Amino acid sequence: SPEHRVLCAGDYLSPCEIPMLSPGGSRGGYLATLARLEPYVERADWVVPGHGVPLDSQRALAILREDRAYLEALTELGASAPLPLARRGKAMEQIHAENVRAVAGAVR
């Protein structure tokens, strides 16, 4: 909404989940989507992710940067890539393991 500058981000920019590379998706595609979202996040007052609470623009930008850093580290470090600090735990470790397999499969 231009009047209220609310961005609905779908399954991106979640404060409670790390990026998930779905079957058929790719790390590069996810990074490209983050790049396309960034200027909209910068102009938004509020960002509503598909999972988690609404975020102000600054918090959403911080999550975007964390997600970008995580995805870049995923290729370089594989399973050793650190998860964003506020989004760690058993469920996120499982998603991370699936992401590692997806990236390893794409590299072959």
Side-chain angles (χ1 to χ4, degrees):
S1 161
E3 184 178 320
H4 298 288
R5 297 187 327 179
V6 175
L7 173 65
C8 295
D11 281 340
Y12 296 90
L13 309 178
S14 171
C16 55
E17 290 183 351
I18 63 170
M20 182 186 307
L21 301 177
S22 59
S26 72
R27 178 190 151 288
Y30 204 114
L31 285 167
T33 298
L34 291 178
R36 282 192 302 273
L37 279 174
E38 192 165 16
Y40 295 102
V41 174
E42 290 171 346
R43 292 192 304 264
D45 292 323
W46 292 98
V47 175
V48 180
H51 303 275
V53 298
L55 309 162
D56 64 47
S57 179
Q58 291 307 305
R59 179 70 181 119
L61 280 170
I63 290 170
L64 187 145
R65 289 182 195 112
E66 289 173 353
D67 288 353
R68 180 183 293 135
Y70 165 72
L71 290 166
E72 289 170 350
L74 196 56
T75 298
E76 296 170 22
L77 304 174
S80 299
L83 278 68
L85 186 59
R87 294 177 281 164
R88 294 183 180 170
K90 285 273 187 222
M92 296 306 103
E93 289 172 8
Q94 184 175 350
I95 292 171
H96 174 61
E98 292 169 12
N99 288 342
V100 169
R101 282 192 292 278
V103 169
V107 172
R108 290 186 212 164

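Fair warning: this is a prediction, and the values are worked out from it, not measured in the lab.
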Self-check item: Closest non-hydrogen atom pair, Val41 against Ala60
Solution: CG1-CB, 3.7 Å
Practice problem: Measure the spacing between OG1 of Thr33 and CG of Asp67 and express it to the nearest 0.5 Å. | Solution: 11.5 Å
Practice problem: For residues His96 and Tyr70, report the shortest heavy-atom separation together with the two atoms involved. | Solution: ND1-OH, 2.7 Å
Quiz item: Does any non-hydrogen side-chain atom of Val48 lie less than 4.5 Å from one of Leu7?
Solution: no
Quiz prompt | Minimum side-chain heavy-atom gap Ser57-Asp45 below 4.5 Å | solution = no
Self-check item: Donor-acceptor pair, side chain of Ser14 and main chain of Gly52, under 3.5 angstrom
Solution: no
Self-check item: Check: His51 side chain, Cys16 main-chain N or O, donor-acceptor pair, under 3.5 Å
Solution: no
Quiz prompt | Closest heavy-atom pair and its distance - Pro82, Ala73 | solution = CD-CB, 4.3 Å
Quiz prompt | Within 45° cone and under 6.0 Å: Arg43 NZ/CZ vs Tyr40 ring | solution = yes
Quiz prompt | Separation of Arg36 CZ from Tyr12 OH (nearest 0.5 Å) | solution = 7.5 Å
Quiz prompt | Point-to-point distance, once rounded to the nearest 0.5 Å, from CD of Glu66 to CG of Leu13 | solution = 10.5 Å
Self-check item: Flag, side chain of Asn99 to backbone of Pro19, donor-acceptor distance under 3.5 Å
Solution: yes
Quiz item: Any side-chain heavy atom of Asp11 sitting closer than 4.5 Å to one from Glu17?
Solution: no
Quiz item: What distance do Arg68 atom CZ and Leu34 atom CG have between them, rounded to the nearest 0.5 Å?
Solution: 6.5 Å
Quiz item: Distance from Ile95 atom CD1 to Leu21 atom CG, nearest 0.5 Å?
Solution: 10.0 Å
Quiz prompt | Inter-residue atom distance Gln94.CD - Ile18.CD1, 0.5 Å rounding | solution = 10.5 Å
Quiz item: Is the shortest side-chain N to carboxylate O distance from Arg27 to Glu72 below 4.0 Å?
Solution: no
